[in-house]
A.B. asks: 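Take a look at the following structure, please.
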Amino acid sequence: LKQRLSKGGPMTFAQCLTLLCPMMEGLSKVHSQGIIHRDISPDNIMIQTDGSVKLLDLGAAKDMTDAGGQKSQLVAKKGFSPLEQYIDNGKIGPWTDVYALCATIYYCITGRLLPSALERMDNEQVVFPDAIANSLPPYVKNAFTDGLALRPERRIQSVEELLRRFYGQEEQNAP
């Protein structure tokens, strides 16, 4: 995906969602088995010759059913990792991958890397270039805002919820 973007430039939100939706649905199934990827970014998403998409590099994946529970060792990728991945023993869960998915989609449609979660602590607001902001429905912008919330408890909690929000089927996040 990173190579495709470097050659072809950003894609529209609709193109990106169409491309990544099957992978996101698969990730949701992985989450239901207690596995969190923790390293989602364009360089870990492979577009196959048939157009299908595969999520690569499970080296940072965490089994939430382990005795260690929701505690996480430090694994972070600037621009794609949520705050809990910058904190020793940060609590991770599906919401951790939701942040990375939103950051990846943001990158795909803007061609810009989000500031790191640490850099966003002073200004959490998600800013889109005007042309892109004007093309996105309010419910999509709200989904990005909630999917990229710094505090995990304020973030969209599952990939299923993120997809519903991106498709306009669920308007508001809980607290």
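Model, not experiment: these values are computed from the prediction. Heavy atoms only: backbone and side chains are in, while hydrogens, waters and symmetry mates are out. Nothing fancy with the numbering, it's 1 onward along the sequence.
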A.B. asks: For Q3, does the CD atom sit with more than 12 other heavy atoms under 6.0 Å from it, leaving out its own atoms?
C.D. replies: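 Open: at most 12 neighbouring heavy atoms sit under 6.0 Å from CD of Q3.
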A.B. asks: Which residue in the set L20, L56, L19 passes side-chain contact (heavy atoms from CB on, under 4.5 Å) when paired with I45?
C.D. replies: L20
A.B. asks: Should L114 and V127 be counted in the same cluster of Ile, Leu, Val, Met, Phe, Trp and Tyr side chains packed under 4.5 Å apart?
C.D. replies: no
A.B. asks: Within this structure, what is the CD-NZ distance for the pair E160 and K29, rounded to the nearest 0.5 Å?
C.D. replies: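 E160 atom CD to K29 atom NZ measures 10.5 Å (nearest 0.5 Å).
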A.B. asks: In Å, rounded to the nearest 0.5 Å, how long is the span from CG of L162 to CZ of R164?
C.D. replies: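 These two atoms lie 10.0 Å from each other.
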A.B. asks: Measure the CZ-CG distance between F80 and D97 for me, rounded to the nearest 0.5 Å.
C.D. replies: 13.5 Å
A.B. asks: Using side-chain contact (heavy atoms from CB on, under 4.5 Å) as the criterion, list what pairs up with D50, not counting sequence neighbours.
C.D. replies: Q48, S52
A.B. asks: State, yes or no, whether a side-chain contact exists between I40 and L27 at a heavy-atom distance under 4.5 Å.
C.D. replies: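 Contact flag for I40/L27 side chains = yes.
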A.B. asks: With heavy-atom distances below 4.5 Å as the criterion, would you say the side chains of M11 and L5 are in contact?
C.D. replies: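 Sidechains of L5 and M11: in contact.
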A.B. asks: Hey, does F166 have a side-chain heavy atom less than 4.5 Å from the side chain of C102?
C.D. replies: yes
A.B. asks: Give a yes or no on whether L118 and L148 share a hydrophobic cluster (residues Ile, Leu, Val, Met, Phe, Trp, Tyr; joining criterion: side-chain heavy atoms under 4.5 Å apart).
C.D. replies: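 L118 and L148: one cluster.
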A.B. asks: So, do I36 and P94 sit near enough that their side-chain heavy atoms are less than 4.5 Å apart?
C.D. replies: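 In short, these two side chains touch, coming nearer than 4.5 Å.
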A.B. asks: So which heavy atom on L1 is nearest to which on P42, and how close?
C.D. replies: CB-O, 3.5 Å
A.B. asks: To the nearest 0.5 Å, how far apart are OG in S28 and CD in E161?
C.D. replies: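 Between S28 OG and E161 CD, I get 11.5 Å after rounding to 0.5 Å.
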A.B. asks: Give me the one residue out of K77, K2, K78 that meets side chain to side chain donor-acceptor pair (under 3.5 Å) with S41.
C.D. replies: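 One option only clears the test, and that one is K77.
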A.B. asks: Testing the basics here: between A117 and P82, what is the closest heavy-atom pair and its distance to 0.1 Å?
C.D. replies: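 Nearest pair, atom of A117 first, then P82: CB-C, 3.8 Å.
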A.B. asks: Indicate yes or no for a side-chain donor-acceptor contact from Q157 to the backbone of P152 under 3.5 Å, with no hydrogens or angles considered.
C.D. replies: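 Answer holds: yes.
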A.B. asks: Within a strict 4.5 Å, meaning less than it, do heavy atoms of the T12 and I109 side chains meet?
C.D. replies: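 Contact flag for T12/I109 side chains = no.
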A.B. asks: What I'd like to find out is whether the side chain of L101 reaches to under 4.5 Å of the side chain of H37, using heavy atoms alone.
C.D. replies: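 L101 does not reach H37 side chain to side chain.
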A.B. asks: If you define the side chain from C-beta out and look only at heavy atoms, does anything of L17 sit under 4.5 Å from Y167?
C.D. replies: yes
A.B. asks: Starting at OH of Y86, measure out to CG of L150 and round the result to the nearest 0.5 Å.
C.D. replies: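 If we round to the nearest 0.5 Å, Y86:OH and L150:CG are 11.0 Å apart.
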A.B. asks: Going from CZ on F144 to CD1 on I156, what distance comes out if it is rounded to the nearest 0.5 angstrom?
C.D. replies: 10.0 Å
A.B. asks: For the pair Y106 and F128, name the ring-plane relationship: parallel under 30°, tilted 30 to 60°, perpendicular over 60°.
C.D. replies: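 If you compare the ring of Y106 with that of F128, the planes turn out tilted.
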A.B. asks: Can you tell me if K141 has over 12 outside heavy atoms packed within less than 6.0 Å of its NZ?
C.D. replies: yes
A.B. asks: Return yes if some donor-acceptor pair links the side-chain N/O of D39 with the main-chain N/O of N44 below 3.5 Å, else return no.
C.D. replies: no
A.B. asks: List the steps and the verdict of side-chain contact (heavy atoms from CB on, under 4.5 Å) for L83 and R120.
C.D. replies: CA-CA 9 Å; L83 194 56; R120 292 182 60 228; over 6 Å; no
A.B. asks: So, does R38 use its side chain to make a donor-acceptor pair with the main chain of I92 at under 3.5 Å?
C.D. replies: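 It does not hold such a pair.
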A.B. asks: What I'd like to find out is whether the side chain of I132 reaches to under 4.5 Å of the side chain of R112, using heavy atoms alone.
C.D. replies: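 Of all side-chain heavy-atom pairs linking R112 with I132, none is under 4.5 Å.
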A.B. asks: Tell me if the CG atom of N134 is crowded by more than 12 foreign heavy atoms within 6.0 Å.
C.D. replies: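 Counting neighbours around CG of N134, more than 12 heavy atoms of other residues, nucleotides or ligands fall under 6.0 Å, so yes.
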A.B. asks: Could you tell me whether E84 and R155 make a salt bridge, using a distance below 4.0 angstrom between a side-chain N and a carboxylate O?
C.D. replies: yes
